[in-house]
S.K.: 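Below you will find the structure I want to go over with you.
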Amino acid sequence: MLHFTSVKDIGSLDSAMAKAMEIKKDPFANCNLGKHRTALLLFFNSSLRTRLSTQKAAENLGMNVIVLDVQQGAWNLETRKGVVMDSDKPEHLLEAIPVMGCYADIIGVRSFARFESKEADYNEEILNKFIRYSGKPVISLESATRHPLQSFADHITIEEFKKKPKPKVVLTWAPHPRALPQAVANSFSEWMVAAGYDLTITHPQGYELDERFTHGAKIVYDQSEAFRGADFIYAKNWAAYRDPVYGKILSKDMSWMVDSRKMELTDNAYFMHCLPVRRNMIVSDRVLDSPASLVIPQAANRETAAQAVIQSILETLLKQH
Ligand code: SN0
């Protein structure tokens, strides 16, 4: 693997899982693999788990790590094509990317959907520019349409906690005060289908996701019906995908919040969320503070997922020399 932007890049999921479990047992087994190599982690958006877990994962492999927040200290970056650069953005991505490529052996990029153009977001214009112009392997730290490191960590977590070979996994929309990207939901759906789980997605009418990600999942509009017999409840808010309301909030219906009463409909399901989570909007305190909540093990597995990905890329780089 050279670039990691979706489940499609990782190859066999069984091998990926085996690698993750090995890493978990002994995180320092390959502590010299990345020696004298540099990972640059670039953030256009905020991050807690992704920056900490990815930095730690790269360091476990012996890499040097540079973390850069574009909004704090770097030149404001112009991303549009063919513009007269007379605004407040002194540097163009077209120079910034190859410059970063000079200093880094692997580049991680976080660049959320901007909701200015569905086409630009769903063509992954920013992420693809890094792949095209940096000359270096690129890892998605959440792009416009996917958050694959999160999905990989979610997969590891479900494997660790599942009580049957093919658990019923339910992705439920939940209310939120802001318009959030579809990336986590898209990526989770795509990854869960690839993992062979029984996936149901439930959301209010109008919140349909792009079918390229949900193909293979069951869509159920009645949340209670969806929850019946579930083994894992994965809550997430996202803004509308469909035109003409792309990126808009259609509902803040609080009856979609995950609470204990709804969890009682499940087969003793675990509760999952990628974090950060809005308490008493997405999920009640009682569910989040209960033993059913897996949000901390999920976060812990972010380090393992990132390390498995970085290790695979380093192995590919070493083979090339
Ligand atoms: C991001 C999202 O894609 O939904 C990152 C999740 C890993 N979440 C947020 O931006 C939440 C911000 C908020 O206001 O709650």
Side-chain angles (χ1 to χ4, degrees), residues 4-7 41-57 67 69-72 108-116 118 120-122 124 126-127 139-157 171-192 201 203 207 209-210 213-214 234-241 246-252 254 256-258 271-285 288 293-306 309:
F4 177 69
T5 67
S6 88
V7 66
L41 309 180
L42 186 70
F43 291 91
F44 286 90
N45 315 94
S46 306
S47 168
L48 173 73
R49 277 147 294 280
T50 301
R51 75 177 59 217
L52 298 180
S53 63
T54 313
Q55 171 161 5
K56 187 145 180 272
V67 181
D69 289 293
V70 176
Q71 321 296 351
Q72 284 170 22
V109 186
R110 163 160 288 193
S111 173
F112 290 176
R114 297 174 171 193
F115 291 152
E116 286 162 10
K118 181 173 179 171
D121 288 343
Y122 274 70
E124 290 288 8
I126 304 286
L127 186 69
I139 298 176
S140 164
L141 304 176
E142 186 173 338
S143 70
T145 68
R146 290 180 177 92
H147 193 358
L149 284 174
Q150 180 65 49
S151 311
F152 188 5
D154 296 336
H155 185 196
I156 297 169
T157 310
L171 168 63
T172 181
W173 181 93
H176 196 282
R178 295 176 53 223
L180 298 189
Q182 296 93 25
V184 171
N186 285 341
S187 192
F188 182 75
S189 174
E190 181 178 61
W191 201 297
M192 293 300 108
I201 303 176
H203 54 70
Y207 275 103
L209 294 163
D210 183 340
F213 299 94
T214 62
Y234 196 102
K236 183 72 186 83
N237 172 268
W238 62 88
Y241 165 72
Y246 176 68
K248 299 273 186 297
I249 296 175
L250 307 179
S251 162
K252 288 185 188 171
M254 291 296 284
W256 278 77
M257 180 175 81
V258 178
F271 174 81
M272 299 177 76
H273 189 280
C274 62
L275 304 182
V277 69
R278 301 274 189 149
R279 283 174 174 257
N280 304 310
M281 283 233 47
I282 297 280
V283 58
S284 68
D285 283 334
L288 194 56
S293 173
L294 296 183
V295 296
I296 307 304
Q298 279 176 269
N301 281 329
R302 291 293 308 275
E303 179 184 341
T304 309
V309 166

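Both counts, for ligands and for their atoms, begin at 1 and track the order of listing. FYI, the numbering just counts along the sequence from 1. The model shown is predicted, which means the values in this text are computed figures rather than measured ones.
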S.K.: When you measure from the heavy atoms of Asn237 to every atom of ligand 1, does any distance fall below 4.0 Å?
M.R.: no

S.K.: Under the side chain to side chain donor-acceptor pair (under 3.5 Å) test against Gln150, which residue among Arg302, His155, Glu142 passes?
M.R.: Arg302

S.K.: Does a donor on one side chain sit under 3.5 Å from an acceptor on the other, for Tyr122 and Asp210?
M.R.: no

S.K.: Quick check: do Val109 and Ile139 have side-chain heavy atoms less than 4.5 Å from each other?
M.R.: no

S.K.: At less than 4.0 angstrom from any non-hydrogen atom of Leu275, what atoms of ligand 1 do you find?
M.R.: 7 (C)

S.K.: Should Pro181 be listed as contacting ligand 1, given a heavy-atom distance under 4.0 Å as the test?
M.R.: yes

S.K.: Would you please test Tyr246 and Phe115 for ring-ring contact (aromatic ring centres under 6.0 Å, His included) and show each step?
M.R.: CA-CA 7 Å; Tyr246 176 68; Phe115 291 152; 5.3 Å; yes

S.K.: For atom 11 (C) of ligand 1, what is the nearest protein heavy atom, given as residue, atom name and distance?
M.R.: Leu180 CD2, 3.8 Å

S.K.: What's the shortest distance from atom 4 (O) of ligand 1 to any protein heavy atom, and which residue and atom give it?
M.R.: Lys236 NZ, 2.7 Å

S.K.: Taking side chain as C-beta onward, heavy atoms only, is Ile282 less than 4.5 Å from Met257?
M.R.: no

S.K.: Taking N or O atoms only and a 3.5 Å limit, does Arg278 qualify as a polar contact for ligand 1?
M.R.: yes

S.K.: Do me a favour and list the nearest non-hydrogen protein atom to atom 3 (O) of ligand 1 with residue, atom name and distance?
M.R.: Glu142 OE2, 2.6 Å

S.K.: Under 4.0 Å from ligand 1, counting heavy atoms only, is it the side chain of His176, its backbone, both or neither?
M.R.: side chain

S.K.: Return yes if some donor-acceptor pair links the side-chain N/O of Ser284 with the main-chain N/O of Asn280 below 3.5 Å, else return no.
M.R.: no

S.K.: May I ask you to test the Phe44-Asp69 pair for a side-chain heavy-atom distance under 4.5 Å?
M.R.: no

S.K.: For atom 12 (C) of ligand 1, what's the nearest protein heavy-atom neighbour? Residue, atom name and distance, please.
M.R.: Arg178 NH1, 3.3 Å

